[in-house]
*Asks:* 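After the structure tokens below, expect a handful of questions from me.
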Amino acid sequence: MILFYDVIVIGAGHAGCEAACASAGIGARTCLVTMDMNKTAQMSCNPAVGGIAKGQIVREVDALGGRMGMVTDRTAIQFRMLNRSKGPAMWSPRAQCDRGKFIWEWRHQLDITPGLDIWQDQVDGLLTENGHVTGVTTVWGVEIRAKSVVVTAGTFLNGLLHIGRKMLPGGRIAEPAATRLTESINSLGIRSARMKTGTPVRIDARSVHYEDMTRQDGEQTDRMFSYLDSQTFESQYPDSRENFALPHSDNGDGAGGSVLPCWTTETNRRCHERLMAGIADSPLYNGQIHSIGPRYCPSVETKLMTFPDRDSHPLFLEPEGTDSNEMYLNGFSSSMPMEVQIEALKEIPAFRDLKVYRPGYAIEYDFFDPTQLKHTLESKICGGLFFAGQVNGTTGYEEAAGQGLMAGLNAALLAGGGEGLVLDRDQAYIGVLIDDLVMKGVDEPYRMFTSRAEYRILLRQDDADRRLTPLSYSAGLATAVRMDCWRRKEKAIDALMEKLRNTTVKPQEINPYLEQIGSTPLRGSYHLHDLLARPGVTIEGLVEHGVLRDFCADFIGFSAEKHTDSTTSSSASEQSSMGREVIEATEVMVKYDGYIRREREYADKMHRLEDIKIRGNFDYNSLQSLSTEARQKLTARQPQTLAQASRIPGVSPSDINVLLVYMGR
């Protein structure tokens, strides 16, 4: 049997689901091939979305027209804004999600997307002609033809599971590995290597002594990941069938509420002693595993070997869902023998009567050197072949989703004869992520941090829609509904900024508030814009003291009053949420105006190097003025602009000056 499409997406993980929706979203006939339709966007590790820098990526995915933000909002059971004590560039949203409901909400998203078909099968090879991909073959003998193919196979490519000295092939626990696809890709001249990751033990909630742990509640807030409310989001998709998936909850059972708490405890010396007694059977230290694991999510045995003087390490017990007793033990990733894991945990008071559903395990899998990709995530070696997610050497659902969306979008644009879309480093964390992968490569699983972005005050979580929604709308992905929503928000921000600039306040109106927050009282009239720039002064505080109250209530739908009535309408809740978004964005723009302008100026200077294109395959070996390392790295990477060349490790400023001279600049 032969099937025909514009774009094929291999794998229905977080990258694959976003890739498929993005491809179909701009009109490409898209086929998503997955081994199991009932495990779409499976949360293989912790049941949470967001976190430091990761939350910003989710907001960017949403602003571009992706789905992860809405899926998270609809299935969240706890929400927190991390790093609130720091500046707004560091604020990062994070939500605990119901693992099972997350899968089915994603399945709903796939089902309501026009032009997207799902085929349950396993891809085992690529079809190519004249250096360009033309389709795939499957283990059941099906040929699927397409102009573009996106590989998002996660950890399934020749996956090998480890628990102690026991090894089994698999892509996840109890799921088969994908064989032969790596070899098919290698035959095209594309290099692959191996990486390792792991996941912790899953605990039966009924066996835990919570009295020996510290409770950690989420925030009671109407804040969400998506810039759209649930009803507005659904209106984008003309689907006449009944919405069978979870509706967005307005009674606290979603991202706006804190349904289930998390719990914290820590390891102890007895736990460490039991683990160390079994270290000879650890796959990480007995020679079984040779691959490199994630630096910033180490196994518990790696922590003990790296920090031998530490008497304890923190642990976080996180619920897997509202209707499940399964809990995830964050901080205890391990591939030690299962009896060692369980006996060590029983040395912790809260787990003295521990029962588990399954032990932690490690997995080794194939990935492809991302320096073999263009910034569109298309292969430099095989035209029309795109890669996204862990197959590019990254780790994390959010990093995968960001790559998936861009790969799916660009695969569809290529299939339609259009130009690809590339995000710059000053436009999005997704742009930083892809640029790092393509220009620097990876020698360990890549995880995004705010510190990786040199323009992070420009890449805040509050304004991803400002940065990306118009861009995505021009590319054909963001819908008119989403664009109209951004325009209303932009209009409200502009109106509030104008009101702040044109309104003065007298001492008798505002001094009681200033004295309350410990700020110097006024002696004369003062513009609200300048007053808001003071530390501690907030728009919500001004509204509570009667300043701007009518304007905020009438124009942007914001009131400082706390709604405790459970009968508050969904429209009022959505209006309040939009109002808070407007308030937050405006405050940040006022308070950090100098920093934002300075960073924007620096970014604009760097863009001048981006504008200097390097045409074709430049013969760097002929330029003896370049350092030997620079010649080698530039020849291998083949950067398209001088700015890209400047970000390659080993290429110095003097090397860039040499290139400028040779290019007549």
Side-chain angles (χ1 to χ4, degrees), residues 11 13-19 41-58 60-61 68 92 94 97 151-162 170-173 192-200 284 289-300 302-303 306 316 318 328 330-335 360-371 373 377 387-407 429-430 432-438 440-453:
H14 302 274
C17 287
E18 291 288 0
Q42 166 76 297
M43 297 172 121
S44 305
C45 206
N46 62 320
V49 170
I52 297 172
K54 292 170 173 281
Q56 284 90 324
I57 291 177
V58 179
E60 291 175 355
V61 167
M68 178 178 263
S92 302
R94 183 183 188 272
C97 294
V151 179
T152 65
T155 60
F156 280 76
L157 296 180
N158 293 319
L160 183 63
L161 307 173
H162 298 261
R172 271 190 299 253
I173 196 79
S192 66
R194 300 280 280 175
M195 277 189 175
K196 167 262 173 188
T197 189
T199 192
L284 293 174
I289 294 178
H290 300 284
S291 310
I292 301 298
R295 176 188 302 269
Y296 300 104
C297 188
S299 66
V300 67
T302 299
K303 294 177 187 177
T306 306
F316 302 86
E318 303 172 345
Y328 174 95
N330 199 334
F332 205 85
S333 178
S334 179
S335 56
Y361 65 91
I363 179 171
E364 291 184 284
Y365 56 93
D366 294 337
F367 80 101
F368 303 95
D369 181 356
T371 63
L373 301 176
L377 296 179
F387 294 83
Q390 285 184 276
V391 294
N392 284 341
T394 62
T395 180
Y397 312 142
E398 303 82 3
E399 290 88 341
Q403 293 173 73
L405 184 145
M406 296 306 299
Y429 273 97
I430 297 172
V432 175
L433 165 64
I434 293 174
D435 187 65
D436 280 352
L437 293 176
V438 173
K440 299 178 181 178
V442 293
D443 54 12
E444 61 185 42
Y446 180 103
R447 185 212 191 279
M448 179 53 70
F449 288 103
T450 52
S451 58
R452 295 192 190 272

*Asks:* For Phe387, is there any backbone N or O sitting under 3.5 Å from a side-chain donor or acceptor partner on Asn392?
*Replies:* yes

*Asks:* Asp369: what forms a side chain to side chain contact (heavy atoms under 4.5 Å, CB included) with it, not counting sequence neighbours?
*Replies:* Arg191, Thr371, Gln372

*Asks:* If we only count heavy atoms from C-beta on, is the Pro370 to Val442 side-chain gap below 4.5 Å?
*Replies:* yes

*Asks:* Before you tell me yes or no, could you show the steps for Tyr365 and Ser291 under side chain to side chain contact (heavy atoms under 4.5 Å, CB included), namely the whole-Å CA-CA distance, both residues' side-chain angles and the distance that decides it to 0.1 Å?
*Replies:* CA-CA 9 Å; Tyr365 56 93; Ser291 310; over 6 Å; no

*Asks:* Where is the tightest heavy-atom contact between Ser333 and Pro298, given as atom of each residue plus distance?
*Replies:* CB-O, 4.4 Å

*Asks:* Heavy atoms only: give me the nearest Phe367-Gln390 pair and the separation to one decimal.
*Replies:* CB-O, 3.7 Å

*Asks:* Spell out, as yes or no, whether a donor-acceptor pair under 3.5 Å connects the side chain of Glu364 to the backbone of Leu160.
*Replies:* no

*Asks:* Just wondering, do Asp366 and Arg194 contact through their side chains at under 4.5 Å, heavy atoms?
*Replies:* yes

*Asks:* At what distance, to the nearest 0.5 angstrom, does CZ of Arg172 lie from CG of Leu161?
*Replies:* 11.0 Å

*Asks:* Which atom pair, heavy atoms only, marks the closest approach of Tyr397 to Asn46?
*Replies:* OH-O, 2.8 Å

*Asks:* So which heavy atom on Leu433 is nearest to which on Tyr446, and how close?
*Replies:* CD1-CE2, 3.3 Å

*Asks:* Are Ser335 and Tyr361 close enough, and set up right, to give a side chain to side chain contact (heavy atoms under 4.5 Å, CB included), and what steps lead you there?
*Replies:* CA-CA 4 Å; Ser335 56; Tyr361 65 91; 5.6 Å; no

*Asks:* First locate atom CG of Asp443, then atom CE of Met195, and finally report the distance between them rounded to the nearest 0.5 Å.
*Replies:* 7.5 Å

*Asks:* Is there a donor-acceptor pair closer than 3.5 Å between any side-chain N or O of Gln56 and the backbone N or O of Tyr429?
*Replies:* no

*Asks:* Taking the side chain as every heavy atom from C-beta outward, state whether Cys45 and Tyr328 have any pair of such atoms under 4.5 Å apart.
*Replies:* yes

*Asks:* Main chain of Ala53, side chain of Thr450: is a donor-acceptor contact present, judged purely on distance under 3.5 Å?
*Replies:* no

*Asks:* Under the 3.5 angstrom rule, does the side chain of His290 hit a backbone N or O of Leu284 as a donor-acceptor pair?
*Replies:* no

*Asks:* Between Thr152 and Gly11, is there a donor-acceptor pair closer than 3.5 Å when you use the side chain of the first and the backbone of the second?
*Replies:* yes

*Asks:* Show your working on side chain to side chain contact (heavy atoms under 4.5 Å, CB included) between Ile430 and Val61 and close with a plain yes or no.
*Replies:* CA-CA 8 Å; Ile430 297 172; Val61 167; 4.1 Å; yes

*Asks:* Can you see which heavy atom on Gly331 is nearest to which on Lys303, and at what distance?
*Replies:* O-NZ, 2.9 Å

*Asks:* Can you establish whether the number of heavy atoms outside Ile292 located under 6.0 Å from its atom CD1 is more than 12?
*Replies:* no

*Asks:* If every non-hydrogen atom of Ala153 is compared with every non-hydrogen atom of Val391, which pair is closest and at what distance?
*Replies:* N-CG1, 3.7 Å

*Asks:* For residues 397-406, which residue pairs qualify under salt bridge (Lys or Arg N to Asp or Glu O under 4.0 Å), counting only residues two or more places apart or in two chains?
*Replies:* Lys54-Glu398, Lys54-Glu399

*Asks:* Side chain of Arg452, backbone of Arg447: donor and acceptor closer than 3.5 Å?
*Replies:* yes

*Asks:* Is there a side chain to side chain contact (heavy atoms under 4.5 Å, CB included) between Leu437 and Leu373? Walk through the geometry before answering.
*Replies:* CA-CA 9 Å; Leu437 293 176; Leu373 301 176; over 6 Å; no

*Asks:* Decide yes or no for Pro294 and Thr197: does some side-chain heavy atom of the first lie under 4.5 Å from some side-chain heavy atom of the second?
*Replies:* yes

*Asks:* So, taking the atom named CD1 in Ile434 and the one named CD in Gln403, what distance separates them when rounded to the nearest 0.5 Å?
*Replies:* 6.5 Å

